[in-house]
Structure formats: C-alpha cells, structure tokens
Amino acid sequence: MMLNRRTLVKGAAATLVAAPALAQDWRGTTLRFIPQANLSSLDPIWTTATVTNNHGYYVYDTLYAADMDFVAKPQMAEGHEVRDNGLRWRFKLRAGLKFHDGEPVRAQDCIASIMRWTQRDAFGQLVGRVVDDWAVIDDRTFDLKLKKPFPLLLDALGKPDTPAFIMPERHAKTDANRQVTEMVGSGPYRFLAGEYNSGSRVVYEKFADYVPRPEPASRGAGGKVCHFQRIEWHILPDPSTAANALTRGEMDWWERPPADLQPLLARNRDVVREVTDASGRIAIMRLNHLHPPFNNPKVRAAVRMAVMQEDYMRATQGDDTSAWQLCRSLWPKGTAYYNGEQEDLMPQSIARATEALKASGYAGEKVVIINPTDFPDIGPLGQVTADILKRIGMNVELAETDWGTVIQRRGSREAVDKGGWSIFHTTGPAPGWGTPATSLLVRGQGARGWFGWWESARAEQLTQEWLDASDEAGQKKAAHALGRLALEEVATVPLGQFTLKTAYRRTLTGMPHGSAPYPWSVRRA
C-alpha cells in the first residue's frame, strides 16, 4: 500500500486561516519570505541543514564562489597566486571588507574560518589532509602551504552548498562540534538577533558597508547587489496558511510550495511559479550504522530491496511526473558520474525484502525513524518508510517532531533507548551530491563523517583515487566504483530525484537562480 500525501496538508480546498491584516507601507523597503522550514540552527558550518545554508548566504561571504557553470570565481578574494609547483597558494583579500561589527576582515579570520570548515565539511576534510601550514603575510594576504598539490582547491573553497563561509577569528576558533550562536559575518545582510524568534520569524537588515563585486551575479558568484533594506523570514509551517498569505499579497515569496497546492497557486494571476534550480534535488533515506539493526549490512540490504521510489515521489511531489523521476543511483541524473540505474541492487519487491530480512539475523530491534511534521518535502518520506518497514516485519517507531528537533537529534550517537535514532530522511541538491569530494552520501569516514557514520576504508581509498586520477577516464572509473560500493553496502538509500517550483508575487523581478534562494538581485518590478 502506498501512503497517499502528507498528513500535514488537509488539501487546497480546506478553509484557509486568514493572517492578521498587515500594513501596506512595508513594501517599499521590505521583502517577506516564507522559507522551506524553521531556522532552528544558525551555524552553517556546524550543520548541513539546507535552511541554515541558505541563511549563511545572507550573513556570510566566501573567498571564492561557484557561478552557474560551477566555475569557482573570486568573491572576497582579489585573487591568488600558485607557487612552488602547486604547493603554495597566496591569497589576497579585496580592499575594504568589513564585518557587521565594523571590524575589518583580516587574513587571520580567513585562515581560522577555513580551518574550522575543514573539520566539518566532506570536501573540506580532503583539503585538511594535505594542508602543511598557514601563514599570515599581512592583514589582507595569507599563504596556504600544501603537502602535495591539490588542483581542486578553488572548487573546494567555492563549492555551491555548505561552502567555507568566513567569520571573525574569535568565532571561527569555536570547537567545530559546537555551534556558533553569535551571527557576525561580512555578507550583504546583518542578522538581527533581537528580532529572531525560532519558529516564528527571522529578520535581516541590509549591511550598509557591503561592497558588491562589479561582475553580474551568477549563483553565489559576482555582484551581490541587494535591493531591500530588510528581509523578513516568516515561518508558516501550515502550507494552507502560507498559500493564503502569498495569494493575498501579505507575503512576497514562498520558497517551496508543496505539490498539492501548486494548482491553486497556478490559478492566481498575481503569482509566478518558476523552477530556479533546473538541476534538481534528490531525496534519500539515511541509516544509522553505529547500532542494531543497521550495523548489520544484511538488514540494510533488506531495506534497500523494499524501497519503491515511485511511492516516495508521489507522496512528496504529487502525481505530476514531469516534476520527478526515478534515480536509483547515488550519483544523480545529470551529473558527471551517473552511469545507470543499478537495477540489480534495487529489485523493489516487498516479498523479496521480507525474505531477506528473515535471513539477515534481524532480532526484532526497534527502528526509530525521526521525522518532521513541518517539512512537506521530507515528512512524507518518513511516513512511507515506516509503512514499508512494518510490512516487511520490522519493529518500527515513527518519532515525529518539528524539523529543528530532527536536526538536533540526528547528531546523537546514542542507542535508540537513550535518545538516539535509526533512520532520518532529507533532500539535497543534485550537483552538491554529484562528486566524490562533495557528496556526503558515498563517503566512508565513520566518526568523522556525516550523520549515520558509515565507515569504509575502501570508499575513502576510492575517493583518494578519484582525487589523484590523471585524466577523466581515471576519475570516472573511481567514481563509478565508489557509487556502486556505497549502494552495495547501503551507506544511503536513494528515493528519487525532483525539481521544485518556487512561487512569488508578480511584483518581484530578478529572481536569482541556483541551489539556494539568494537574497541578491531580486527587487520590486
């Protein structure tokens, strides 16, 4: 049986709850935005939560940034020199860069920020392996000395998702396993801590001393020209309330309207719906490899067999098959290393999965699925999984909370009877999960890796082989072997690939494209 739609939404025909009447004079200076989820964690280095990454682009800036062609371009950096046969990189900052507290951005801030990032980010950890030393030359210039050449250094620093955001040295020296809570960056917007209310509202104010680059904006690169003095994020977890607010003109932009409300929005002439990230996203199930039952690879394989991606995609993205597609590879379709559907590893059979589970040694251990009630793209994924795992004979508890609680709990490495977890679900940008360096899904880093903590020396060896390959053929060979290995050992279970239509009032123009709802370029028409 396929679970039909989310329980979060009662349907577009349901009576909408009217928002309070709002004054009209805000429109000249303020953009009102409905984000995908509540912003409960503020540190974009500490967590990979997409909503926190999006917040990071407001507050922070990066040395380099990827453009729409995924080419790393100087951002805070004025430029760089490569010396000593690729073993020494010298970076120079643009003149006049300031943090929101008025202090200048210095070389020391950049070094400390990058060092912290190399402890958390998968690509950053690869950089960290080859760092020999850092050296401050002057306030605007610093050197990075490497143990061996690392040609992808700029791609790492400018990666389009979870990049090396630059923060003041005093914050960047925070233990990478603890969150930074004071938001001081050098990005185009200041975070207004006094107006932040988790679960309700996040407010940003244009940073008067921010100096955009002269080039046109392109994804995270180029001139971040901002046209609003103030941007307010309004957390509206009920989709019907959000739809009502957008169609009434009380909100300007809704990041991710759910599929079942898209027809309602399409009928409103004052609302534009647009795919701003054509490369799309993939949905995944992540298992906890530290504890029973998923420390047993045979149990993990039984779960993989039970997954019917069409059920997941219809549950979250609706019946419009132009918006989603099956993708049984951990390399998303449209990325460089996608090489087929790996059908032999995904037989999609409840009967076969049931038999495989019986033969696996599964002893009835409780499986706790932590799942959000306030995230329409993710919540139904957990509900579908709970249903199929019960059908194949597992002891399942569906622990449903808000997304912020899921983000906090997935960091626990305890057993389920001590507050831990067995499964969570999420989605991520296809390009961001498209290479061995950037994908969290295929890396076998164990305790140093992503939540779930899959450990595989072979996976790490293949990642290094990909990095060291002398040509494209060598890279593809290593990447294909890595993707296959991660599926065989069920590091992650892919659930399908999809695109999203954002929705905004026709009074807006200049909507930015890329994998995040960037705050620059957009303005009143």
- Minimum-distance pair of heavy atoms, taken over all atoms of Pro332 and Gly434: CD-CA, 4.3 Å

- Considering all heavy atoms of both residues, which atom of Asn371 and which atom of Gly379 are nearest to each other, and what is their separation? ND2-O, 2.8 Å

- Partner of Trp233 under ring-ring contact (aromatic ring centres under 6.0 Å, His included), picked from Tyr204, Trp254, Tyr196, is Tyr204

- Task: Taking all non-hydrogen atoms of both residues into account, name the closest pair between Leu487 and Pro494 and its distance.
- Result: CD2-CD, 3.7 Å

- Check whether any side-chain heavy atom of Leu265 sits under 4.5 Å from a side-chain heavy atom of Leu246, and report yes or no. yes

- Any luck finding a side-chain donor-acceptor pair between Tyr210 and Asp61 under 3.5 Å? yes

- Item | Check: Trp421 main-chain N/O paired with Asn288 side-chain donor or acceptor under 3.5 Å | yes

- Item | Side chain to side chain, Thr316 and Pro376, heavy atoms closer than 4.5 Å | no

- Crowded around Arg523 CZ? As in, over 12 foreign heavy atoms under 6.0 Å? no

- Query: Taking everything shown except Lys501 itself, do over 12 heavy atoms lie less than 6.0 Å from its NZ?
  - Reply: no

- Message: Quick one: does any side-chain atom of Trp117 pair with a main-chain N or O of Thr162 as donor and acceptor, under 3.5 Å?
- Response: yes

- Query: Is it the case that Asn38 and Ser40 place a side-chain donor and acceptor less than 3.5 Å from each other?
  - Reply: no

- Query: With a 3.5 Å cut-off and no angle check, do the side chains of Thr241 and Asn244 form a donor-acceptor pair?
  - Reply: no

- At their closest point, which heavy atom of Ala479 faces which heavy atom of Tyr337, and how far apart are they? CB-CG, 3.5 Å

- Message: Using every non-hydrogen atom in the two residues, find where Gly382 and Leu398 come nearest and quote the distance to one decimal.
- Response: O-CD1, 3.8 Å

- State whether the side chain of Thr427 and the backbone N or O of Arg281 hold a donor-acceptor pair below 3.5 Å, judged by distance alone. no

- Scan side-chain atoms only and decide if Arg120 and Asn177 contain a donor-acceptor pair under the 3.5 Å cut-off. yes

- Would you mind reporting whether Val396 and Ile369 have side-chain heavy atoms less than 4.5 Å apart? yes

- Query: How close do Leu39 and Ile235 get, heavy atom to heavy atom, and via which atoms?
  - Reply: N-CD1, 4.4 Å

- Look at the rings of Trp453 and Phe451 and say which category their plane angle falls in: under 30° parallel, 30 to 60° tilted, over 60° perpendicular. perpendicular

- If you draw a 6.0 Å radius around CE in Met511, do more than 12 non-hydrogen atoms from other residues or ligands fall strictly inside? yes

- Flag the pair Phe191 / His100 as yes when their ring centroid distance falls below 6.0 Å, and as no otherwise. no

- Message: Would you say Ser41 and Trp46 are linked by a side-chain donor-acceptor pair, where the criterion is simply a distance under 3.5 Å?
- Response: no

- Salt-bridge criterion met for Glu195 and Arg230 (N-O under 4.0 Å): yes

- Task: For Asn53 and Thr50, run side-chain hydrogen bond (donor to acceptor under 3.5 Å, both in side chains): C-alpha distance rounded to whole Å, both residues' side-chain angles, the deciding distance at 0.1 Å, then the answer.
- Result: CA-CA 5 Å; Asn53 180 68; Thr50 302; over 6 Å; no

- Over-ring placement of Arg219 relative to Phe70, 6.0 Å and 45° cut-offs: yes

- Close side-chain approach of Arg314 to Trp324, heavy-atom, < 4.5 Å: yes

- Does a salt bridge link Arg506 with Asp270, judged by any charged N lying under 4.0 Å from a carboxylate O? no

- I would like to know whether Arg116 and Asp43 meet salt bridge (charged side-chain N to carboxylate O under 4.0 Å, His left out); could you show each step before the answer? CA-CA 12 Å; Arg116 185 169 186 261; Asp43 184 348; 2.8 Å; yes

- Is Arg300 close enough and on-axis enough to Phe294, meaning under 6.0 Å and within 45°, for cation-pi? no

- Compute whether any side-chain donor of one residue and acceptor of the other, for Thr385 and His425, lie under 3.5 angstrom apart. yes

- Query: Taking atom types as modelled, is there a side-chain donor on Gln317 or Asp377 under 3.5 Å from an acceptor on the other?
  - Reply: yes

- Taking side chain as C-beta onward, heavy atoms only, is Met76 less than 4.5 Å from Ile166? yes

- Query: Can you tell if the side chain of Tyr338 reaches within under 4.5 Å of the side chain of Lys333, non-hydrogen atoms only?
  - Reply: yes

- Query: For Asp161 and Ser515, does a side-chain donor sit closer than 3.5 Å to a side-chain acceptor?
  - Reply: yes

- Message: Between Tyr504 and Asp252, is there a side-chain heavy-atom distance shorter than 4.5 Å?
- Response: no

- Message: Would Arg32 pass as a cation-pi partner of Trp26, given that its NZ or CZ must be under 6.0 Å from the six-membered ring centre and within 45 degrees of the axis?
- Response: yes

- Can you name the one residue among Gln342, Gln497, Gln348 that meets side chain to side chain donor-acceptor pair (under 3.5 Å) with Arg328? Gln348

- Message: Please confirm whether the ring centroid of Phe165 lies under 6.0 Å from the ring centroid of Tyr57.
- Response: yes

- Message: Between Glu232 and Arg201 (side chain of the first, backbone of the second, donor and acceptor by atom type, cut-off under 3.5 Å), is there such a pair?
- Response: no

- Please determine if Arg391 and Asp387 form a salt bridge, counting it only when a charged side-chain N lies under 4.0 Å from a carboxylate O. yes

- Message: Using the ring-ring contact (aromatic ring centres under 6.0 Å, His included) definition, which of the options Phe228, Phe33, Tyr189, Tyr518 pairs with Tyr58?
- Response: Tyr189

- Message: What's the separation between atom CD1 in Ile45 and atom OG1 in Thr52, rounded to the nearest 0.5 Å?
- Response: 11.0 Å

- How long is the span from the CZ atom in Arg269 to the OG1 atom in Thr247, to the nearest 0.5 Å? 15.0 Å

- Between Gln179 and Thr47, is any side-chain donor less than 3.5 angstrom from a side-chain acceptor? no

- Query: Do His513 and Glu274 get their side chains close enough for a donor-acceptor pair, meaning under 3.5 Å?
  - Reply: yes

- Report yes if the side chains of Val303 and Met285 come closer than 4.5 Å at any heavy-atom pair, otherwise no. yes

- Do side-chain atoms of Glu182 reach the backbone of Ala193 as a donor and acceptor pair under 3.5 angstrom? no

- Would you check if the side chain of His234 reaches a backbone N or O of Met251 as a donor-acceptor pair within less than 3.5 Å? no

- Is a side-chain N or O of Ser218 found less than 3.5 angstrom from the main chain of Asp67, in a donor-acceptor match? no

